[in-house]
Amino acid sequence: MPSDFLADATARGFVHQCTDPDALTAAFGAGIVTAYIGFDCTADSLHVGSLVQIMLLRLLQRHGHRPLVLMGGGTTRIGDPSGKDESRQLLSDETIAANMAGIRRVFTPFLTFGSGPSDALMANNADWLDQLGYIPLLRDVGVHFTINRMLGFDSVKLRLEREQPLTFLEFNYMILQSYDFRELYRRYGVTLQMGGSDQWGNIVSGADLVRRTEGKPAFGLTTPLITTSSGAKMGKTARGAIWLTADRLSPYDYWQFWRNTEDADVGRFLRLFTDLPLDDIARLDALGGAEINEAKKILATEATSLAHGRDAAVEAAETARRAFEDGAAAETLPSIAVPAPDLAAGISAARLFVESGLATSLGEARRLIKGGGARLNDVPIQDESHKISLADMRDGAIKLSAGRKQHRLVRPK
C-alpha cells in the first residue's frame with residue numbers, strides 16, 4: 001500500500017507520473033522525506049496555475065514530511081523552455097530580484113516555515129548557480145547527459161517539431177535543473193522533486209544525476225495538467241490571470257473565480273484546492289441541480305481562506321450574498337476611483353465598463369450592453385453611448401454590474 005501521503009495525493013488527483021512508486025513508497029514509510037518544487041521568478045506573484053504545486057507541498061507537510069520551495073533566482077535568467085512555443089524574454093537581475101520578493105509572500109499562508117523536522121524551507125538556486133564555472137560544470141555534470149536523450153524529451157522535441165527556435169541557452173536548462181536537484185540533496189537531503197507534467201524530462205534527468213553521482217536513490221513525481229471540464233487552461237480567464245496575492249487580485253474577485261467553477265469541476269477542485277476531508281467532498285460532489293451552488297460557495301470560501309485568511313473569505317462570501325441575493329451595493333465590493341471632473345462631464349457606459357475591468361475592450365463592453373448583461377445601479381443599460389455621471393451616484397458610489405456575478409463600485413476622486 002502507498003504511504004499515507006501518496007495514498008492521499010493519489011485520491012485527491014495530484015499524481016500523474018512517478019519514477020519508482022514502490023521505492024518511493026518505501027522511502028515515505030522509512031521516515032521524513034524532503035521534497036522540492038521550483039518556481040521561476042517571471043512575475044512578482046504566482047497565479048492559480050501554480051496552485052496545484054503549492055497545494056501538493058502543503059499536503060506533503062500535513063503528512064509530516066518536509067517541503068522545500070526553490071526560488072529560481074538563477075534559472076530565471078535562462079527561461080524554462082518546457083511547454084513554450086518560443087523563447088521567453090530575458091529579465092534583468094533587478095527585475096528577477098523584485099519578482100522573487102513578491103513571490104515569497106505567496107507561500108506564507110500555505111506552508112509553515114521554521115527549523116522543525118517537517119517545517120518548510122526556502123532556497124534560491126542563484127546561491128550556487130552563480131558560482132559555477134562553465135568548464136567544471138561540463139566535466140562534472142555534462143558528461144552524464146547525452147544529446148540523444150535530451151532530444152527525446154517533450155520540452156525539446158515539441159519545440160523542434162513545431163520548427164520553433166530552441167536556443168543553446170534554453171537547451172542548458174535541463175542540466176541546470178538537474179544540478180539543482182543534486183545540490184539540494186547535498187545541502188538539505190532532498191530526495192524527491194515534484195512538478196507539473198511538463199517538467200517530467202527535467203525531473204527524471206535530475207533524479208538520474210543524483211543516483212549516478214551520489215550513489216543514492218532519488219525520485220520524481222509529476223502532477224497532471226489541470227484544465228476545466230470545458231478545456232480551458234486553469235488560472236486563465238478572459239479578464240486575465242487569477243493571482244494569489246491581494247495586491248494583484250482582491251479576495252472578493254478570488255472568491256468569485258472559485259464560485260464560478262463549472263458544475264462538472266466542483267468535486268475535483270474541492271479535492272485539489274481545499275483541505276476538506278474526502279468523505280465531505282464526496283457528499284458535496286453528489287449534489288445536483290441548484291444545490292451544486294452551495295458546494296461552489298463552500299469551494300470558494302475554503303480556497304479563499306487558504307490564500308487570504310478565513311476573515312477575508314467570510315467577508316467575500318457575505319459581500320457576494322448581499323450583492324447577488326439582496327441586490328445591495330455592499331461597501332466591500334471592489335471599487336475604482338475616477339476623476340470627479342470626468343464623472344461630472346459624463347463618461348460613456350462602454351468606456352467606464354472597460355476602465356472598471358468589467359470588460360476587456362470597448363467591443364466587449366458594447367456586446368455586453370447589447371445583450372442586456374450590463375447594469376447601472378442594478379438597472380439594465382439600454383444604450384452603449386449612455387453617459388454615466390455624478391447624478392448616478394447612490395450612497396457615495398455608482399454600482400456597475402456585468403451579469404449577475406461581476407460588480408464594481410465607481411467613486412469620484
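All values derive from a computational prediction rather than experimental measurement.
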Closest non-hydrogen atom pair between Arg66 and Ile32, with its separation | N-CG2, 4.0 Å
Working to the nearest 0.5 Å, report the span between CG of Leu299 and CG of Leu284.
-> 9.5 Å
Give the intermediate values and the outcome of side chain to side chain contact (heavy atoms under 4.5 Å, CB included) for residues Asn125 and Tyr179.
-> CA-CA 10 Å; Asn125 63 16; Tyr179 188 90; over 6 Å; no
Under 3.5 Å, is there a donor-acceptor pair between the side chain of Arg212 and the main chain of Leu209?
-> no
Tell me, which pairs form a ring-ring contact (aromatic ring centres under 6.0 Å, His included) where one or both residues lie in residues 202-224, sequence neighbours left out?
-> none
Do Phe113 and Phe107 have their ring centres less than 6.0 Å from each other?
-> no
Pairwise ring-ring contact (aromatic ring centres under 6.0 Å, His included) hits with a residue in residues 259-298, at least two apart = Trp258-Phe273, Phe269-Phe273
Under 3.5 Å donor-acceptor, Asn124 side chain and Ala126 backbone = yes
Angle class for the Trp243/His47 ring planes (parallel below 30°, perpendicular above 60°, tilted otherwise)?
-> perpendicular
Side-chain donor-acceptor contact under 3.5 Å, His144 with Asp208 = no
Not counting sequence neighbours, which residues clear side-chain contact (heavy atoms from CB on, under 4.5 Å) with Ser250? List them please.
-> Tyr252, Asp253, Pro334
State yes or no: are the ring centers of Tyr36 and Phe181 separated by less than 6.0 Å?
-> yes
Non-hydrogen side-chain atoms of Asn99 and Arg104 separated by less than 4.5 Å = no
So, Arg310 and Glu302, do they make that salt bridge, N to O below 4.0 Å?
-> yes
Separation between CZ of Arg351 and OG of Ser385, rounded to the nearest 0.5 Å = 14.0 Å
State whether Asp285 and Arg268 are salt-bridged, where the test is any N-O pair (Lys NZ or Arg NE/NH1/NH2 against Asp/Glu carboxylate O) under 4.0 Å.
-> no
Side-chain contact test, heavy atoms from C-beta onward, threshold under 4.5 Å: evaluate it for Leu57 versus Gln53 and give yes or no.
-> no
Could you tell me whether a side-chain N or O of Arg375 sits under 3.5 Å from a main-chain N or O of Ser401, the two making a donor and an acceptor?
-> no
Note: Cys41 and Met71 closest approach over all heavy atoms is SG-CE, 4.2 Å
Roughly how far, to the nearest 0.5 Å, is the CZ atom of Arg182 from the OG1 atom of Thr213?
-> 4.5 Å
Scan residues 285-322 for pairs that pass ring-ring contact (aromatic ring centres under 6.0 Å, His included), counting only residues two or more places apart or in two chains.
-> Tyr254-His308
Exercise: identify the closest heavy-atom pair between His65 and Val33 | ND1-N, 3.0 Å
Taking C-beta and beyond as the side chain, do Asn293 and Leu287 meet within less than 4.5 Å on heavy atoms?
-> no
Pairwise distance OG(Ser335) to NE2(His407) - rounded to 0.5 angstrom | 14.5 Å
Salt-bridged, Arg367 to Glu364, with N to O below 4.0 Å?
-> no
Electrostatic pair Asp383:Arg366 at N-O distance under 4.0 angstrom = no
Please lay out, stage by stage, how Asp265 and Thr228 fare under the test side chain to side chain donor-acceptor pair (under 3.5 Å).
-> CA-CA 7 Å; Asp265 293 327; Thr228 66; 4.6 Å; no
Side-chain heavy atoms of Ile54 within contact of Val69, under 4.5 Å = no
With sequence neighbours excluded, residues passing side-chain contact (heavy atoms from CB on, under 4.5 Å) with Ala317 | Trp255, Thr301
First locate atom CZ of Arg248, then atom CD1 of Ile242, and finally report the distance between them rounded to the nearest 0.5 Å.
-> 12.0 Å
Would you tabulate the side-chain donor-acceptor contacts of residues 115-123 under 3.5 Å, counting partners in other chains and residues two or more places apart, or write 'none'?
| unit_1 | atom_1 | unit_2 | atom_2 | d |
| --- | --- | --- | --- | --- |
| Asp119 | OD2 | Ser115 | N | 3.3 |
| Asp119 | OD2 | Gly116 | N | 2.8 |

Donor-acceptor contact present, side-chain Ser50 to main-chain Leu46, <3.5 Å = no
Shortest non-hydrogen contact from Val266 toward Ala295 = CG1-CB, 3.8 Å
Mind checking whether Leu70 and Ile37 have side chains closer than 4.5 Å, heavy atoms only?
-> no
So, Lys296 side chain and Thr261 main chain: donor-acceptor pair closer than 3.5 Å or not?
-> yes
Considering all heavy atoms of both residues, which atom of Ser229 and which atom of Glu262 are nearest to each other, and what is their separation?
-> OG-OE1, 2.5 Å
